[in-house]
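For the numbers below, each heavy atom of this structure counts, side chains included, while hydrogens, waters and symmetry mates do not.
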Amino acid sequence: MGMDSRIEIKVTNPKKVDNVVHPVGQGHATSASSPPQPSASSPPTDGRGRQQQQALEEGLRHSRGRGRQGRGLIDYMPFKNWVPWLIPGFVIANVVVFLISMFINNCPKNSSSCVGRFLGRFSFQPMKENPLLGPSADTLEKMGALDVIKVVHKHQAWRLISCIWLHAGVFHILANMLSLLFIGIRLEQEFGFVRIGLLYLFAGFGGSLMSALFIQAGISVGASGALFGLLGSMLSELITNWTIYANKLAALLTLIFIVVINLAVGLLPHVDNFAHIGGFISGFLLGFVFLIRPQFGYISKKHIPTGYIVTSNKPKHKPYQYILWLVSMILLVLGFTFGLILLFRGVNLNDQCSWCHYMSCVPTKLWSCKSQQAYCESIEYQNQLNLTCISNGKSSIYNLSGESTSQVQQLCTKLCTR
């Protein structure tokens, strides 16, 4: 393509709402049948003018490749392509935290049947204790695993965030980090590290919050809630930016299929599907807030080369995009606020919903969904000695003021073994 000082932009059957770029001057075209003619005010032919011409022609090529072939219409400017570094950084951070957990765990010091003893201090707990090849539950708890008792009664709300950086074992972290690279890098390339970083953290927080409201036995760790948040944001991003995509229905059905399959895996025992669901819902709403794009055909004037004008009737966003943004923001604020209020009041939503536990595990002949972990913990709270017993996901609190230590231990054993 020659580098002439004139750039002719032909429009085939333009509509009134189409965006048309014209050179500025007395002889510029005003209709589809009259292509723009050169004038005394045409762009200069110096290096800057040539770069502007190339940028405009590049926009033309992209507009033809976005599902509107045959229209020499510059109504699409390519989005900025970011260099991903935050998601790889998250992966490195998770791996480093896992190695620190294994170092602190020091299995040979506490057990004679460690797996991979040649690894020394980094060897894994016995398979009967942790089949995922990782540290003990005590180590994870010390590192910041989600423990509802400590969050509610000992004011350790930071565990709602710290737990998403911990993993139960090699298999656990391997699956999560591969998924994070596969999903997260593509999103960071398109939307940048700020939006995707915030989305990851808020979705992880949402997953932890929902998990804490439904599963109050034992501890919970993992980045799965944040990962499901990224997956949910991909779905909402497709919906809110519907006008700029080709093959929309195929992409929508593919995403829905992936989401359903992953949530179905969470129905197996020992999988915290409430964290998956909470993360997905949070990410789905956050996608409408963070990942909104200008509609197809919108041209930002700052991207138009000097010497050209744009005739456009299209606003930056469609009305439904603003509505989705507002509704999602309201739901997020209300959801997080009321969720935290319920959590710090010690509410267990399993007591209010008799069937909700099936969302995390469905019992079959092959496995049981009953929690094998039951324990009690005595806590001095507001000058009163309370005994909290958790068994099969339900918690009970008893006031033990005036009881001796031996009586507390006997009651704890009785309650938690019944």
Side-chain angles (χ1 to χ4, degrees), residues 79-98 100-101 143-146 157-168 172-212 220-241 255 258-259 262-263 266 271-293 325 328-329 331-333 335-336 339-340:
F79 299 117
K80 179 178 179 179
N81 192 24
W82 299 78
V83 177
W85 61 268
L86 184 66
I87 294 299
F90 281 172
V91 172
I92 294 173
N94 277 275
V95 173
V96 170
V97 171
F98 179 73
I100 294 174
S101 300
M143 292 288 295
L146 179 58
W158 51 269
R159 290 179 179 269
L160 294 168
I161 293 295
S162 62
C163 66
I164 70 177
W165 304 96
L166 298 169
H167 289 83
H172 190 200
I173 192 172
L174 184 63
N176 278 353
M177 293 304 101
L178 289 176
S179 300
L180 178 57
L181 288 172
F182 181 75
I183 300 173
I185 285 183
R186 175 255 175 188
L187 287 172
E188 188 179 351
Q189 284 176 332
E190 293 194 12
F191 297 98
F193 69 93
V194 174
R195 286 186 280 183
I196 299 306
L198 290 174
L199 197 153
Y200 182 90
L201 293 176
F202 278 117
F205 173 80
S208 298
L209 182 59
M210 189 166 187
S211 173
S220 178
V221 295
S224 301
L227 290 174
F228 270 83
L230 295 181
L231 199 58
S233 71
M234 291 176 66
L235 183 59
S236 56
E237 189 267 332
L238 175 62
I239 294 172
T240 194
N241 301 323
L255 272 175
I258 293 173
V259 170
N262 280 276
L263 288 176
V271 178
D272 188 356
N273 209 30
F274 285 113
H276 298 173
I277 297 171
F280 177 81
I281 295 174
S282 300
F284 182 73
L285 295 175
L286 287 164
F288 291 121
V289 176
F290 288 141
L291 308 186
I292 185 173
R293 292 259 202 208
W325 186 96
S328 298
M329 180 63 74
L331 291 176
L332 282 166
V333 173
F336 285 163
L340 287 171

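- Here the CD1-CG distance, from Ile196 to Leu201, works out to 11.5 Å after rounding to the nearest 0.5 Å.
- Counting only heavy atoms from C-beta outward, the side chains of Leu160 and Leu340 approach each other to under 4.5 Å.
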Quiz prompt | Criterion side-chain contact (heavy atoms from CB on, under 4.5 Å) on Leu291 and Ser236, from CA distance to verdict | solution = CA-CA 8 Å; Leu291 308 186; Ser236 56; 5.5 Å; no

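- Interatomic distance, Asn262 CG to Leu227 CG, rounded to the nearest 0.5 Å: 9.5 Å.
- Contact of the Ser208 side chain with the Arg159 side chain is not registered, since no non-hydrogen atoms from C-beta on lie closer than 4.5 Å.
- Ser282 places no side-chain N or O within 3.5 Å of a backbone atom of Gly279 that could act as its donor or acceptor partner.
- Using the six-membered ring where Trp is involved, His276 and Phe228 have ring planes that are parallel, under 30° apart on the 30 and 60° scheme.
- Shortest non-hydrogen contact noted between Ser233 and Leu199 is CB-CD1, 3.5 Å.
- Shortest non-hydrogen contact noted between Met143 and Ser101 is CE-OG, 3.5 Å.
- Nearest heavy-atom pair across Gly144 and Trp158 is CA-CZ3, 3.7 Å.
- Inter-residue side-chain proximity for Phe182 and Leu230 is flagged as unmet; no heavy-atom pair is nearer than 4.5 Å.
- Residues satisfying the side chain to side chain donor-acceptor pair (under 3.5 Å) criterion with Ser211, sequence neighbours excluded, are Asp272.
- For the pair Gly204 and Ile164, the tightest heavy-atom approach, listed with the atom from each and the gap, is O-CG2, 3.9 Å.
- In this structure, Ala145 and Val221 approach most closely via the heavy-atom pair CB-CG1, 3.4 Å.
- Inter-residue side-chain proximity for Trp85 and Glu188 is flagged as met; some heavy-atom pair is nearer than 4.5 Å.
- The ring-ring contact (aromatic ring centres under 6.0 Å, His included) check on Phe280 picks up nothing, with sequence neighbours excluded.
- Atom CG of Leu209 and atom CZ of Phe205 lie 5.0 Å apart (nearest 0.5 Å).
- If you take CE on Met177 and CZ on Phe90, they are separated by 10.5 Å, rounding to the nearest 0.5 Å.
- The neighbour count for Phe202 CZ, taken as heavy atoms of other residues, nucleotides or ligands under 6.0 Å away, does not exceed 12.
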Quiz item: Going through the distances and angles, do Leu238 and Leu255 end up as a side-chain contact (heavy atoms from CB on, under 4.5 Å)?
Solution: CA-CA 9 Å; Leu238 175 62; Leu255 272 175; 4.2 Å; yes

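- Under a 3.5 Å cut-off, the side chain of Gln189 and the backbone N or O of Pro84 do not form any donor-acceptor pair.
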Exercise. Check the pair Glu237, Phe290 against side-chain contact (heavy atoms from CB on, under 4.5 Å), reporting the backbone distance first and the verdict last.
Key: CA-CA 9 Å; Glu237 189 267 332; Phe290 288 141; over 6 Å; no

Practice problem: Check the pair Phe98 / His167 against ring-ring contact (aromatic ring centres under 6.0 Å, His included), numbers first and verdict last. | Solution: CA-CA 7 Å; Phe98 179 73; His167 289 83; 7.5 Å; no

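- Interatomic distance, CG of Leu181 versus CG of Asn176, reported as 11.0 Å (0.5 Å rounding).
- Between Arg293 and Glu190 there is a salt bridge, with a side-chain nitrogen of the basic residue lying less than 4.0 Å from a carboxylate oxygen of the acidic one.
- Note that CG of Leu198 and CZ of Phe193 are 9.5 Å apart. Values are rounded to the nearest 0.5 Å.
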Quiz item: Hey, mind stepping through Tyr200 and Leu180 against side-chain contact (heavy atoms from CB on, under 4.5 Å) and telling me if it holds?
Solution: CA-CA 10 Å; Tyr200 182 90; Leu180 178 57; 3.7 Å; yes

